[in-house]
Number of protein chains: 2
Amino acid sequence: MARAATTTDAFNAVAEPRRREILDALAGGELAVGDLTELLGLAQPQVSKHLRVLREVGLVDVRDDGRRRLYRVNGAPLRAVHAWVAQYERLWNERFDLVDDVLDELTHAAAESAAEAETEAETGRGD
Amino acid sequence: MARAATTTDAFNAVAEPRRREILDALAGGELAVGDLTELLGLAQPQVSKHLRVLREVGLVDVRDDGRRRLYRVNGAPLRAVHAWVAQYERLWNERFDLVDDVLDELTHAAAESAAEAETEAETGRGD
DNA sequence: TTGACGCATGCCCATATGGGTATATGTTTG
DNA sequence: CAAACATATACCCATATGGGCATGCGTCAA
């Protein structure tokens with residue numbers, strides 16, 4: 001078996017530097033293939049191919065404008081990536097250690113007074 | 001040219017599901033190759049190879065323990081991934097829209113003195 | 001209509017992947 | 001010391017990649 005297809009998910013699609021550049025460029029607003037070709041200094045076919053991948057994983061949307069095709073970012077698929085990476089944020093962010101300390105103290109204090117200290121975490125909005 | 005090496009950076013290393021599973025497993029603490037082999041239900045050589053990749057990008061550290069090798073997570077390299085993805089957070093997080101609203105109001109308040117009573121058509125929610 | 005323009009596709013190819021299987025290396029036990 | 005155990009490596013191979021280049025197709029201009 002070879003490596004998973006780049007179109008498998010956002011993780012794979014975004015692993016390619018060029019595709020990240022494209023998204024970054026599109027972050028400023030809609031752009032046509034030609035604009036990207038110029039901005040990235042890459043050949044048009046390659047840009048189109050990268051856009052195809054990004055499109056297949058839903059990272060960009062297209063809109064026809066005469067003989068041009070305007071691409072636009074759609075960050076939704078990145079949500080999964082963000083969610084996964086965020087779990088590790090505590091491993092490099094000092095502030096999390098501080099939060100841990102506080103939570104630790106609270107936990108101890110709660111356990112001390114009674115035995116029913118359950119805090120329900122609120123879920124973010126679904127989609 | 002083929003796809004960039006998986007050992008190029010965290011983006012590429014983490015694009016592989018199995019490697020993410022390994023990191024998730026290690027998130028609970030040090031584990032030996034054998035433990036991971038069992039947890040992932042993957043053959044030992046494959047686990048070792050994935051660990052090699054993770055090691056080359058610095059996502060894990062190793063420690064010798066007798067005839068075993070204990071692996072440990074090191075989230076640092078993920079910081080770059082997080083930073084990049086975070087830029088797009090506003091594209092799916094509603095809370096950013098709220099911030100936008102506030103900024104919007106402040107802007108309008110300032111513009112009010114200039115007598116600019118124009119209501120922009122609201123765009124419906126995308127997804 | 002013809003031609004120029006803007007993009008998407010098709011092909012060719014060198015390359016690394018990830019799983020499978022066998023084996024080398026280092027460590028602990030008898 | 002030999003045998004068992006824990007890992008790392010070496011190979012073999014089917015597969016998709018990403019860039020280069022040529023070309024197909026729809027759209028706008030003369």
Side-chain angles (χ1 to χ4, degrees), chain A residues 1-23 25-26 30-73, chain B residues 1-26 29-73:
Chain A
M1 196 187 270
R3 222 205 280 204
T6 55
T7 53
T8 299
D9 52 41
F11 280 98
N12 283 283
V14 162
E16 167 65 301
R18 257 49 197 277
R19 278 189 292 262
R20 256 174 280 146
E21 284 182 46
I22 289 183
L23 291 178
L26 293 178
E30 285 185 329
L31 283 181
V33 179
D35 303 323
L36 292 168
T37 298
E38 221 177 296
L39 287 172
L40 300 191
L42 195 59
Q44 176 268 310
Q46 278 57 340
V47 174
S48 283
K49 286 181 198 169
H50 282 311
L51 285 170
R52 181 170 173 58
V53 173
L54 291 174
R55 231 200 133 193
E56 287 194 34
V57 296
L59 277 169
V60 298
D61 291 322
V62 210
R63 180 167 77 85
D64 276 36
D65 175 44
R67 53 188 169 188
R68 295 188 306 163
R69 307 202 80 195
L70 301 180
Y71 283 81
R72 182 173 199 254
V73 191
Chain B
M1 196 185 272
R3 220 202 282 202
T6 55
T7 53
T8 300
D9 52 41
F11 280 98
N12 282 283
V14 162
E16 165 66 319
R18 255 54 196 273
R19 275 184 300 257
R20 257 174 279 146
E21 284 182 46
I22 290 182
L23 292 178
D24 289 340
L26 293 178
E30 285 185 329
L31 283 180
V33 178
D35 303 322
L36 292 168
T37 298
E38 223 177 294
L39 288 172
L40 300 191
L42 195 59
Q44 177 268 309
Q46 277 58 340
V47 174
S48 282
K49 286 184 202 168
H50 283 310
L51 284 170
R52 180 169 174 59
V53 173
L54 291 174
R55 228 199 134 194
E56 287 194 33
V57 296
L59 276 169
V60 298
D61 290 321
V62 211
R63 179 166 77 83
D64 278 36
D65 174 44
R67 52 188 169 190
R68 294 188 308 163
R69 305 203 81 195
L70 300 180
Y71 283 81
R72 183 171 197 254
V73 191

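Model, not experiment: these values are computed from the prediction. Atom set for the values below is all heavy atoms of this structure, side chains included, hydrogens, waters and symmetry mates excluded. In what follows, every chain begins at residue 1, and chains take the letters A, B, ... in the order their sequences are listed.
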Name the nucleic acid region contacted by [X], choosing base, sugar-phosphate or nothing; use a 4.0 angstrom heavy-atom cut-off, strictly under.
X: B/Ala4; answer: nothing
X: B/Ser48; answer: base
X: B/Arg19; answer: sugar-phosphate

Worksheet item: How long is the span from the CG atom in B/Asp61 to the CG atom in B/Leu70, to the nearest 0.5 Å?
Response: 12.0 Å
Worksheet entry | CZ-NZ distance between B/Arg18 and B/Lys49, expressed to the nearest 0.5 angstrom | 13.0 Å
Worksheet item: With side chains defined as the heavy atoms from C-beta onward, is the minimum distance between A/Val62 and A/Arg55 less than 4.5 Å?
Response: yes
Worksheet entry | Min side-chain heavy-atom separation B/Val14-B/Leu23 under 4.5 Å | yes
Practice prompt. Quickly, which of A/Val57, A/Val60, A/Asn12, A/Leu54 forms a side chain to side chain contact (heavy atoms under 4.5 Å, CB included) with A/Arg19? Name it, please.
Written response: A/Leu54
Discussion item. On DNA chain D, compare the nucleotides closest to B/Arg3 and B/Gly34; which residue's is nearer the 5' end?
Written reply: B/Gly34
Worksheet item: Does CZ belonging to A/Arg20 count more than 12 external heavy atoms closer than 6.0 Å?
Response: yes
Practice prompt. Spell out protein contact along nucleotides 19-30 of chain C as letters: B when the base is contacted, S when just the sugar-phosphate is, - when no protein heavy atom is under 4.0 Å; keep the 5' to 3' order.
Written response: BBBB----BB--
Response to the item:
5'-most contact on DNA chain C (nearest-nucleotide basis), B/Thr6 vs A/Val33, goes to A/Val33
Practice prompt. Heavy atoms of chain B, cut-off under 4.0 Å: which first and last nucleotide of DNA chain D, 5' to 3', fall inside that, if you could look?
Written response: D/dA4 to D/dG18
Practice prompt. List for me each residue that meets salt bridge (Lys or Arg N to Asp or Glu O under 4.0 Å) alongside A/Arg69, sequence neighbours excluded, and say none if there are none.
Written response: A/Asp64
